[in-house]
Amino acid sequence: MTESLSLDAAEVWVDTPDGRLYAKQWGDVTDDAAPPPIVLLHDSLGCVELWRDFPQRLALATGHAVIAYDRLGFGRSDAFAGRLGAGFIGDEARGGFAALIDHLGVQRFIVFGHSVGGGMAVSVAAAYPDRCVGLITESAQAFVEERTREGIRAAQAQFAAPGQMARLEKYHGDKAEWVLDAWVSTWLSPAFASWCLDDALLGVRCPVLALHGTEDEYGSTAQPERIVTLAGAPATLKLVPRCGHVPHREQEAAVLEAVSSFLAERV
């Protein structure tokens, strides 16, 4: 851990043309002498608070400052006007992500995305080849497969049970219904069935680490295999045994070790 790194998190609010974004940072993100910060991109139902204490532990384990933010429509960020467009995964690179790094003055960075945030992380790396120095995907979907759709249908049924929406309302407030619908309606839409990350992966120019649980209920190992095969830079596949869709919570020590080793050796 560098001397400038603090365990305390600083809250950040970022103004964008579409609304305010909420973020937290652990450590100094603008010190040119420090390692580039890691920017976290959350999953389809996620937000800053649902990372729990992982950002802090990641900062301590790696010596890199960490930034996490709520995408528009999630957590403490403002509501998203309307429905998500079919290109929302690629759009985040020039949308909320761009507003965040510009506001914080971050020039070089590592991007780390979980689930759909992993797809966004790939798009970010491709959009900023001269500034993104490392890409880490965790449980990312690289294309739409039936296993993903089955997992979403099962989750949709669970949230239909009495009292279950309170789990989302705790983190997203009155945006909870939109958050759930954005996930379910997008991924189960026939128009989204042909979506994939192929073009974005070919544009990646930084080292890649693809993490994936062997028991992931939302994607088979064909997902990370496609990421490392198509990435336009050296890529490493790390399967996490006895692990489902959230390795940073289910197997935190293994994830921290894998990320620390990757950053020390490749970035």
Side-chain angles (χ1 to χ4, degrees), residues 1-12 21-31 33-71 74-76 97 100-101 104 106 108-118 120-121 124-125 132-140 170-171 206-216 224 236-267:
M1 182 178 71
T2 61
E3 292 183 0
S4 63
L5 194 60
S6 171
L7 293 178
D8 297 328
E11 293 189 329
V12 179
L21 301 179
Y22 173 74
K24 277 187 176 181
Q25 65 180 67
W26 292 258
D28 186 351
V29 302
T30 58
D31 182 358
I38 302 168
V39 184
L40 300 177
L41 294 168
H42 64 74
D43 62 296
S44 292
L45 302 183
C47 62
V48 170
E49 296 307 317
L50 279 168
W51 285 106
R52 300 180 182 173
D53 60 356
F54 178 72
Q56 183 184 77
R57 293 182 181 274
L58 181 63
L60 289 171
T62 64
H64 291 252
V66 174
I67 307 163
Y69 75 103
D70 293 338
R71 296 196 302 274
F74 298 81
R76 295 175 63 182
F97 182 87
L100 176 75
I101 59 173
L104 294 175
V106 173
R108 299 170 69 250
F109 54 83
I110 297 149
V111 63
F112 181 136
H114 173 230
S115 193
V116 74
M120 292 176 178
V124 165
C132 186
V133 299
L135 165 62
I136 302 166
T137 66
E138 180 192 41
S139 310
K170 177 180 178 181
Y171 298 100
C206 62
V208 179
L209 171 64
L211 298 164
H212 204 88
T214 57
E215 312 303 321
D216 191 333
T236 302
L237 170 59
K238 172 65 175 178
L239 295 179
V240 184
R242 300 177 303 282
C243 186
H245 191 59
V246 193
H248 68 267
R249 189 177 305 155
E250 301 171 48
Q251 298 284 355
E252 182 185 75
V255 170
L256 291 176
E257 180 181 359
V259 172
S260 297
S261 297
F262 168 72
L263 295 180
E265 296 171 6
R266 306 294 289 272
V267 176

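Minimum interatomic distance between P224 and L237 (heavy atoms only, all atoms of both residues): CB-CD1, 3.3 Å. What you find for V29 and A65 is that their closest heavy atoms are CG1-CB, 4.0 Å. Of all the heavy atoms in G63 and P35, the pair that sits closest is O-CG, 3.7 Å. Of all non-hydrogen atoms in T62 and S260, the two that sit nearest each other are CG2-OG, 3.6 Å. Minimum interatomic distance between D70 and L21 (heavy atoms only, all atoms of both residues): O-CD2, 3.7 Å. The two atoms that bring G113 and A121 nearest to each other are N-CB, 3.8 Å, heavy atoms only.
Not counting sequence neighbours, Y171 has no partner by the side chain to side chain donor-acceptor pair (under 3.5 Å) test. Residues passing the side chain to side chain donor-acceptor pair (under 3.5 Å) test with E265: none are found, sequence neighbours excluded. With sequence neighbours excluded, the residues satisfying ring-ring contact (aromatic ring centres under 6.0 Å, His included) with F97 are F109, Y128. Applying the side chain to side chain donor-acceptor pair (under 3.5 Å) test to T236 and every residue at least two apart in sequence or in another chain returns R266. When the side chain to side chain donor-acceptor pair (under 3.5 Å) test is applied to T30, the partners found at least two apart in sequence or on another chain are D28.
Proximity of L209 to L263: side-chain heavy atoms (C-beta onward) are nowhere separated by under 4.5 Å. Side-chain contact between Y69 and L40: absent, with no pair of heavy atoms (C-beta onward) separated by less than 4.5 Å. The closest side-chain heavy-atom distance from V48 to R76 is not below 4.5 Å. With contacts defined as side-chain heavy-atom distances shorter than 4.5 Å, the pair V259/H248 does not qualify.
For the pair H64 (side chain) and P36 (backbone), a donor-acceptor distance under 3.5 Å is present. Panel note: side chain Q251, backbone V240; no donor-acceptor pair is recorded below 3.5 Å. Judged purely by atom type and a 3.5 angstrom limit, R249 uses its side chain to pair as donor or acceptor with the backbone of L50. The main-chain N or O of C243 is never found under 3.5 Å from a side-chain atom of E250 such that the two would form a donor-acceptor pair. Side chain of S139 to main chain of H245: a donor-acceptor pair is present (N/O by atom type, distance under 3.5 Å, no hydrogens or angles).
Within a 6.0 Å sphere centred on CZ of R108, other residues, nucleotides and ligands contribute 12 heavy atoms or fewer.
In this structure, the separation between NE2 on H114 and CG on L211 is 10.0 Å, given to the nearest 0.5 Å. Between the CH2 atom of W26 and the CG atom of L58 there is a distance of 10.0 Å, given to the nearest 0.5 Å. The CD atom of E215 sits 10.5 Å away from the CG atom of L239 when rounded to the nearest 0.5 Å. Rounding to the nearest 0.5 Å places SG of C206 at 9.5 Å from CD1 of I136.
Under the 30°/60° scheme for interplanar angles, the aromatic rings of W51 and F112 are found to stand perpendicular.
Legend: salt bridge (Lys or Arg N to Asp or Glu O under 4.0 Å) pairs involving residues 39-53, not counting sequence neighbours, sorted by first then second residue: K24-E49, D53-R57.
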(message) One pair to check against side chain to side chain contact (heavy atoms under 4.5 Å, CB included): I67 and V106. What are the steps and the verdict?
(response) CA-CA 10 Å; I67 307 163; V106 173; 4.1 Å; yes
